[in-house]
Amino acid sequence: MKYKYIKQLHGRSRYGEVELEIKAIEGNSKIIDACSWATLKESYPNFAENDALRLWKASALQALNSILEKHIHEQSVEITLKDVSGTYADTLPAHIGAAVYIGIFDLLARPLSQKELEQIDKFAGIYRPPGTIPDFRSMLERP
């Protein structure tokens, strides 16, 4: 399923989109990178992966790893990253991570509360130098 993080906060647009799948498995949890850039390829006939897009995908994978490390302990899952999308003007690595967090907890049938969504907004709004992937382990405090 596709998940978006879209906000207009403090005069700035924030946008990140991911497509994720999750299924229960036996053994250790794992992440599969199957990002095919389908959305961007559909929008741009001459699509070519570049450094900014690689950063977005690396951010999505880092957010997934952080979720597995910090939040998913009661079951083994296989999470597949199928697509990542954004806009150069409005997307930062933290926005992609926010979409990942929203999506995974929805797929696990453990949707985020309003307070948790506010934690994500605060985390996504922290300035980081361009090209920096944040430490997503501190994005969400959840029991």
Side-chain angles (χ1 to χ4, degrees), residues 1-10 12-44 47-143:
M1 294 200 51
K2 286 191 177 188
Y3 292 92
K4 295 178 183 178
Y5 175 71
I6 302 174
K7 295 282 177 164
Q8 180 76 28
L9 293 171
H10 311 295
R12 302 240 6 182
S13 297
R14 302 174 184 184
Y15 176 72
E17 182 177 332
V18 295
E19 184 175 354
L20 303 165
E21 281 185 357
I22 192 168
K23 64 181 178 180
I25 60 168
E26 296 293 324
N28 295 329
S29 292
K30 60 184 170 179
I31 297 166
I32 297 175
D33 176 3
C35 180
S36 64
W37 303 109
T39 301
L40 293 175
K41 285 179 180 176
E42 184 177 303
S43 299
Y44 302 100
F47 171 83
E49 187 176 359
N50 60 32
D51 289 342
L53 300 180
R54 283 187 279 280
L55 183 67
W56 293 354
K57 183 167 73 169
S59 184
L61 294 169
Q62 181 62 39
L64 288 169
N65 278 308
S66 294
I67 291 169
L68 282 180
E69 177 184 311
K70 188 171 179 184
H71 299 286
I72 302 177
H73 304 289
E74 66 281 356
Q75 68 189 90
S76 293
V77 294
E78 176 182 279
I79 303 170
T80 303
L81 175 65
K82 298 183 77 175
D83 197 16
V84 176
S85 185
T87 66
Y88 293 118
D90 300 319
T91 303
L92 296 173
H95 305 158
I96 298 295
V100 166
Y101 268 71
I102 292 165
I104 288 299
F105 285 104
D106 183 69
L107 288 169
L108 290 170
R110 294 167 39 195
L112 301 170
S113 69
Q114 186 60 39
K115 182 180 177 184
E116 291 168 329
L117 291 170
E118 290 168 4
Q119 288 177 24
I120 288 174
D121 287 341
K122 184 177 179 181
F123 182 91
I126 295 169
Y127 173 77
R128 294 173 185 88
T132 302
I133 297 175
D135 181 355
F136 290 107
R137 291 175 297 180
S138 62
M139 179 177 255
L140 181 65
E141 294 306 319
R142 182 172 238 212

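The figures here come from the full heavy-atom set of this structure, side chains too, leaving out hydrogens, waters and symmetry mates. Computed from a predicted model, the values in this text were never measured in an experiment.
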Only one of Val18, Leu140, Asp106 clears side-chain contact (heavy atoms from CB on, under 4.5 Å) with Tyr101; which?
-> Leu140
Pairing of Glu141 and Lys70 as salt bridge, 4.0 angstrom limit | yes
May I ask you to say whether Arg110 pairs ionically with Glu116, meaning some side-chain N is under 4.0 Å from a carboxylate O?
-> no
Measure from the side-chain N and O atoms of [X] to the backbone N and O of [Y], and report whether any donor-acceptor pair falls under 3.5 Å.
X: Ser59; Y: Leu55; result: no
X: Ser29; Y: Val77; result: yes
X: Asn28; Y: Lys30; result: no
X: Thr91; Y: Gly16; result: no

Check whether the side chains of Lys2 and Thr39 place a donor and an acceptor atom closer than 3.5 Å, and report yes or no.
-> yes
For [X], I'd like to know if atom [atom1] has over 12 heavy atoms of other residues, nucleotides or ligands within 6.0 Å.
X: Arg54; atom1: CZ; answer: yes
X: Glu42; atom1: CD; answer: no
X: Tyr88; atom1: OH; answer: yes

Can you tell me how far apart [atom1] ([X]) and [atom2] ([Y]) are? Round to the nearest 0.5 Å.
X: Leu40; Y: Asp83; atom1: CG; atom2: CG; value: 7.0 Å
X: Leu64; Y: Ile31; atom1: CG; atom2: CD1; value: 4.5 Å
X: Ser43; Y: Trp37; atom1: OG; atom2: CH2; value: 13.0 Å
X: Leu20; Y: Lys82; atom1: CG; atom2: NZ; value: 10.0 Å
X: Tyr127; Y: Arg12; atom1: OH; atom2: CZ; value: 9.5 Å
X: Asp135; Y: Arg128; atom1: CG; atom2: CZ; value: 9.0 Å

Where [X] and [Y] come nearest, the two heavy atoms and their spacing:
X: Leu53; Y: Ala48; answer: CD1-O, 4.0 Å
X: Gly125; Y: Arg14; answer: CA-NH2, 3.1 Å
X: Ile6; Y: Lys4; answer: CD1-CD, 3.7 Å
X: Pro134; Y: Phe123; answer: CB-CZ, 3.6 Å

